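Note that the coordinates shown come from a computational prediction; the quantities given were computed from them, not determined experimentally. Each residue takes its place number in the sequence, starting with 1.
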Amino acid sequence: MRQTPECKSRDMPSPDTQIVPKIAKLTVSGNKQTMGFAVPSASELNGQGGTVCPRVQAMDDSMEEADSSVASPNVTNTSPNSEDLNSTPSQGKGAGKSKQKINIKEELEKRQGGKQLLNLVVIGHVDAGKSTLMGHLLYLLGHVNKRTMHKYEQESKKAGKASFAYAWVLDETGEERQRGVTMDVGMTKFETRTKVITLMDAPGHKDFIPNMITGAAQADVAVLVVDASRGEFEAGFEAGGQTREHALLVRSLGVTQLAVVVNKMDQVNWQEERFREVTSKLGHFLKQAGFKDSDVHYVPTSGLSGENLSKKSEIKELTSWYQGPCLIDQIEACSFNMTTIRGGKTKNRFVWSLQILLKAPQRSIDKPFRLCASDVFKDQGSGFCVTGKIEAGYIQAGERLLVMPPNETCTVKGITLHDEAVDWAAAGDHVSLTLTGVDIIKINVGCVFCSPSEPIRASTRFRARVLIFNFDIPVTQGFPVIIHYQTVSEPATIRKLISVLHKSTGEVVKKKPK
């Protein structure tokens, strides 16, 4: 039956009861998106904030009052009571389900069995043999079984890339195997006698520098792989090569300890002269880049044949002049200083003294929780997942987190550490968090997850100390730059030059430069 205009008007809701609340809801939501960076301070969280405008009051207010709340967003957003219902942890069911806090230090000791946690990134010029080197090391350590290795050997032969079999341990995607080039950061875990090591294999091609930065930003120490072959080392080390750029990048990202692997030494017949030539050039450059001589260590290896990887080599051409550690000993527990002796006199022969190497840094487990998302993807079940390294604090399943800068809260439904489901994770762990209570559209790579009670501060400007390498264009006020931090890169502008500092001492050389 066709409705008359009178029937339609009867079904229409009255303006006073329906339309105004809907507009008020849109106003509050828009205010929240506009003020995404406005996080309540600690004093405001304790009740010292400004005027409180509850959401219920906004729903019942008139149109004029709703408009005034838009005109004064700072007032409505200075108290946690004005947050969206999704942004404030409920005091009912959530409080009842929260788990008891754990003694994180005791739990870490139990999980690691007294071993130190070390995050290690492998860097270097393209085709230096990084993936082959580390894939062969993992196989020799027993982390890749013979059946899997035989499968890789057969498949690589069929693809016409027989020498890439060990590289396929870390290069898992079809495109990487087809091109023979690492494109993304491959990650795995292995244990030694004294350490639990998270290994990150970074790409060496210049097209994938952002991915390399992602891996280097999460590392504690680095292994720089160089090709000892004639012409190949020079190609990576000279202008345009990635050996220099990778070394500078890891140093600027805070890595101070470096193990230099002089790979493919079998192609130069394990010549001492070639090893000394490579280490001499690299040593001079690394010292200029800010690495201390005591924090840089050199190891001759052959990734394809496996010489000097998991145990000391017995090849006479090498042992006649090199008596230092193999690669795994260099990573695990030993540092070696080079001296030369010959009956009290110097000689071109390496003798080594034992020290401590590649110290694992102190973990900030007592500080507020911080995690920068390196990847965001949809899970099979409800919710979605984010991956990244926990920079500080610890997290338990069931806890709530604040996401910045979207200023949204979410609940940690599950935690995965090295493909294993766990109840908690702490600073230094590379984890995957399954989240609920927030829309995946609002979460991007680079978002910082933090404790709701101690949120990270957001800003639009900051002061930075910048170290400039081989830059021909003068840096002036208004100079555009790209900032790479953790897993995010953003354009920025230098607004003001404050002073020029001395590279070594940090003292002010010139104030207010042009």
*Can you check side-chain contact (heavy atoms from CB on, under 4.5 Å) on Thr198 and Leu120, steps first, answer last?*
CA-CA 6 Å; Thr198 300; Leu120 184 147; over 6 Å; no
*Carefully, step by step, assess Asp429 and Lys189 under the rule salt bridge (charged side-chain N to carboxylate O under 4.0 Å, His left out).*
CA-CA 11 Å; Asp429 290 334; Lys189 183 192 84 166; over 6 Å; no
*With side-chain hydrogen bond (donor to acceptor under 3.5 Å, both in side chains) as the test, would you mind laying out the steps for Glu176 and Thr173 before giving the verdict?*
CA-CA 5 Å; Glu176 286 180 323; Thr173 66; 3.1 Å; yes
*Test log, rule side-chain contact (heavy atoms from CB on, under 4.5 Å), inputs Leu501 and Val509*: CA-CA 5 Å; Leu501 306 179; Val509 178; 5.8 Å; no
*asked:* Test side-chain contact (heavy atoms from CB on, under 4.5 Å) on Ile483 and Phe462; report intermediate values, then the result.
replied: CA-CA 12 Å; Ile483 296 178; Phe462 60 90; 3.6 Å; yes
*Chi angles and distances behind the side-chain contact (heavy atoms from CB on, under 4.5 Å) call for Ile102, Tyr394*: CA-CA 10 Å; Ile102 60 174; Tyr394 67 96; 4.1 Å; yes
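Listed for the Arg177 side chain is a donor-acceptor partner under 3.5 Å among the backbone atoms of Trp168. With hydrogens and angles disregarded, no donor-acceptor distance shorter than 3.5 Å links the side chain of Glu245 to the backbone of Gln242. No donor-acceptor pair under 3.5 Å is formed between the side chain of Arg370 and the backbone N or O of Cys450. Listed for the Asp201 side chain is no donor-acceptor partner under 3.5 Å among the backbone atoms of Val185. A donor-acceptor pair under 3.5 Å links the side-chain atoms of Thr192 to the main chain of Lys195, judged by distance alone. Judged by distance alone, with hydrogens and angles left aside, the side-chain atoms of Lys378 form a donor-acceptor pair with the main-chain N or O of Gly383 at under 3.5 Å. With hydrogens and angles disregarded, a donor-acceptor distance shorter than 3.5 Å links the side chain of Thr279 to the backbone of Arg276. A donor-acceptor contact shorter than 3.5 Å links the side chain of His246 to the backbone of Gly124. Side chain of Lys130 to backbone of His125: a donor-acceptor contact under 3.5 angstrom is found. Distance alone, capped at 3.5 Å, is enough to place a donor-acceptor pair between the Ser313 side chain and the Ile315 backbone.
Taking all atoms of both residues into account, the shortest heavy-atom contact from Gln396 to Ile415 is C-CD1, 3.8 Å. A pairwise comparison of heavy atoms in Ala216 and Leu253 identifies CB-CD1, 3.6 Å as the closest pair. What you find for Ser432 and Phe377 is that their closest heavy atoms are OG-CZ, 4.0 Å. Of all the heavy atoms in Phe369 and Ile395, the pair that sits closest is CE1-CB, 3.6 Å. Shortest non-hydrogen contact noted between Val144 and Val169 is CG2-CG1, 3.6 Å. Across Leu248 and Ala289, no two heavy atoms sit closer than the pair CD2-CB, 3.6 Å.
The distance from the OG1 atom of Thr148 to the CG atom of Leu138 is 12.0 Å, given to the nearest 0.5 Å. Distance check: Leu117 CG to Ile197 CD1 gives 9.5 Å after rounding to the nearest 0.5 Å. Atoms CG and CG, from Asp220 and Asn119 in turn, are 4.5 Å apart once rounded to the nearest 0.5 Å. Taken from CD1 in Ile443 to SG in Cys410, the straight-line distance is 6.5 Å, to the nearest 0.5 Å. In this structure, Thr132 OG1 and Leu137 CG are separated by 12.5 Å, a value rounded to the nearest 0.5 Å. Atoms CD and NZ, on Glu155 and Lys161 in that order, are 14.0 Å from each other to the nearest 0.5 Å.
Remark: His418 pairs with no residue by the ring-ring contact (aromatic ring centres under 6.0 Å, His included) rule, at least two apart or across chains. Applying the ring-ring contact (aromatic ring centres under 6.0 Å, His included) criterion to His136, with sequence neighbours excluded, gives Tyr166. Remark: Phe449 pairs with no residue by the ring-ring contact (aromatic ring centres under 6.0 Å, His included) rule, at least two apart or across chains. Residues that satisfy the ring-ring contact (aromatic ring centres under 6.0 Å, His included) test with Phe164, not counting sequence neighbours, are absent from this structure.
You'll find the side chain of Cys447 reaches within 4.5 Å of the side chain of Pro406, heavy atoms only. At a threshold of 4.5 Å between non-hydrogen side-chain atoms, the residues Phe384 and Thr434 do not count as touching. The closest side-chain heavy-atom distance from Leu401 to Val412 is below 4.5 Å. Residues Val481 and Thr493 fail the side-chain proximity criterion, which asks for heavy atoms closer than 4.5 Å. A 4.5 Å side-chain heavy-atom check between Cys372 and Glu391 finds every atom pair outside the cut-off. The closest side-chain heavy-atom distance from Pro325 to Tyr322 is below 4.5 Å. Put simply, the side chain of Leu282 reaches to within 4.5 Å of the side chain of Thr243, judged on heavy atoms. Two residues are said to be in side-chain contact when any heavy atoms from C-beta on lie closer than 4.5 Å; Pro203 and His205 fail this criterion.
Residue pairs meeting the ring pair (Phe, Tyr, Trp, His ring centres under 6.0 Å) criterion with at least one member in residues 211-240, sequence neighbours excluded: Phe233-Phe237, Phe237-Phe285.
At most 12 heavy atoms of other shown residues, nucleotides or ligands fall within 6.0 angstrom of atom CD in Gln178. Other residues, nucleotides and ligands contribute only 12 or fewer heavy atoms inside 6.0 Å of the CD atom of Glu314. For CG of Asp419, the number of neighbouring non-hydrogen atoms (other residues, nucleotides, ligands) closer than 6.0 Å is 12 at most. Counted within 6.0 Å of NZ on Lys510, heavy atoms from surrounding residues, nucleotides or ligands total 12 or fewer; the atom is thus considered open.
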Tabulate below the donor-acceptor pairs under 3.5 Å that side-chain atoms of residues 260-267 make, not counting sequence neighbours, or state none.
{"from": "Asn263", "atom 1": "OD1", "to": "Thr301", "atom 2": "OG1", "distance (Å)": "3.3"}
{"from": "Asn263", "atom 1": "OD1", "to": "Gly303", "atom 2": "N", "distance (Å)": "2.8"}
{"from": "Asn263", "atom 1": "ND2", "to": "Ala128", "atom 2": "O", "distance (Å)": "3.1"}
{"from": "Lys264", "atom 1": "NZ", "to": "Asp127", "atom 2": "O", "distance (Å)": "2.9"}
{"from": "Lys264", "atom 1": "NZ", "to": "Asp227", "atom 2": "OD2", "distance (Å)": "3.4"}
{"from": "Asp266", "atom 1": "OD1", "to": "Ser302", "atom 2": "OG", "distance (Å)": "3.3"}
{"from": "Asp266", "atom 1": "OD2", "to": "Ser302", "atom 2": "OG", "distance (Å)": "3.2"}
{"from": "Gln267", "atom 1": "OE1", "to": "Ser229", "atom 2": "OG", "distance (Å)": "2.9"}

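Remark: Glu277 engages Arg274 in a salt bridge, criterion side-chain N to carboxylate O under 4.0 Å. Ionic pairing of Glu175 and Arg179 is present here: one or more N-O contacts between side-chain nitrogen and carboxylate oxygen are shorter than 4.0 angstrom.
In this structure, the ring of Trp321 has its center less than 6.0 angstrom from the ring center of Phe275.
Under the 3.5 Å distance criterion, with hydrogens and angles disregarded, a donor-acceptor pair is assigned to the side chains of Thr182 and Asp171.
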